[in-house]
Amino acid sequence: MPGYVLLLNGPSLNRLGERDPAVYGTETLAEIVERVRRLLAPHDIDLVDKQSNHEGVLMDILQQYGPTARGIIINPGAFAHYSYALRDCLEDVGARRPVIEVHLSNVYRREPFRHHSVLAPVVTGQITGLGSRGYELAAQAVISLIQEGTA
Ligand code: DQA
């Protein structure tokens, strides 16, 4: 099952470990990325991991790596709630491959503006509120969806 999964993190996720640990946990993004990488390795899948605070840069990365990725795991941060540009980009490059939207916190238990994701209609599935293990669950989901060939 060679190839790679794209793991994309949006604004302020580079601050994990420091940023509001009560909500986002104490692990750093580098630690989370390493765990995801180790999960994919036995399946012969590489990880391309990127983070940006900028909407256009996230789109550039999606356009560069998305079309040839086996799957995409994305935590869009606050862009989930209002970025139609990112939504359209994901709809384009995410077609025909599993795309999992991850949120560390349970966005439905927080402020009302977080209750809606404009990306949700163009992703395969969403994992929210399970902390950093959400990324691992997303990787497992991508692996099994690739194996099934159903995504
Ligand atoms: C987040 C939830 C978003 O509402 C917030 O803007 C983030 C992080 C999460 O992982 O829980 O930056 O995506």
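We count ligands from 1, going down the list as the structure has it; atoms in each ligand are counted the same way.
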Ignoring hydrogens and angles, write down the donor-acceptor pairs under 3.5 Å from the side chains of residues 113-123, residues two or more places apart or on other chains.
from, atom 1, to, atom 2, distance (Å)
Arg114, NE, Glu111, OE1, 2.7
Arg114, NH2, Glu111, OE2, 3.4
His115, NE2, Tyr108, O, 3.4
His115, NE2, Arg110, O, 2.7
His115, NE2, Glu111, O, 3.4
Ser117, OG, Glu101, OE1, 3.2
Ser117, OG, Glu101, OE2, 2.9
Ser117, OG, Leu119, N, 3.1
Ser117, OG, Ala120, N, 3.1

Which atom pairs, one a donor and one an acceptor, fall under 3.5 Å between side chains of residues 11-18 and the rest of the protein, sequence neighbours left out?
from, atom 1, to, atom 2, distance (Å)
Asn14, OD1, Gln51, NE2, 3.3

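- Under a 3.5 Å cut-off, the side chain of Arg97 and the backbone N or O of Gly66 do form a donor-acceptor pair.
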Between ligand 1 and the protein, give all atom pairs where both partners are nitrogen or oxygen and the distance is under 3.5 Å, as lines of names plus distance to 0.1 Å.
from, atom 1, to, atom 2, distance (Å)
ligand 1, 4 (O), His81, NE2, 2.7
ligand 1, 4 (O), Arg114, NH1, 2.8
ligand 1, 6 (O), Ala78, N, 3.1
ligand 1, 6 (O), Arg114, NH1, 3.1
ligand 1, 10 (O), Asn75, ND2, 2.9
ligand 1, 10 (O), Leu104, N, 2.8
ligand 1, 11 (O), Leu104, N, 3.2
ligand 1, 11 (O), Ser105, N, 2.9
ligand 1, 11 (O), Ser105, OG, 2.6
ligand 1, 12 (O), Arg19, NH1, 3.1
ligand 1, 12 (O), Arg19, NH2, 3.0
ligand 1, 13 (O), Asn75, OD1, 2.9
ligand 1, 13 (O), His103, ND1, 2.8

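- With contacts defined as side-chain heavy-atom distances shorter than 4.5 Å, the pair Leu7/Ile32 does not qualify.
- Taking the side chain to side chain contact (heavy atoms under 4.5 Å, CB included) definition, one finds that Thr26 meets it with Pro21, sequence neighbours left out.
- Closest non-hydrogen pair, Ala139 versus Leu40, comes out as CB-CD2, 4.2 Å.
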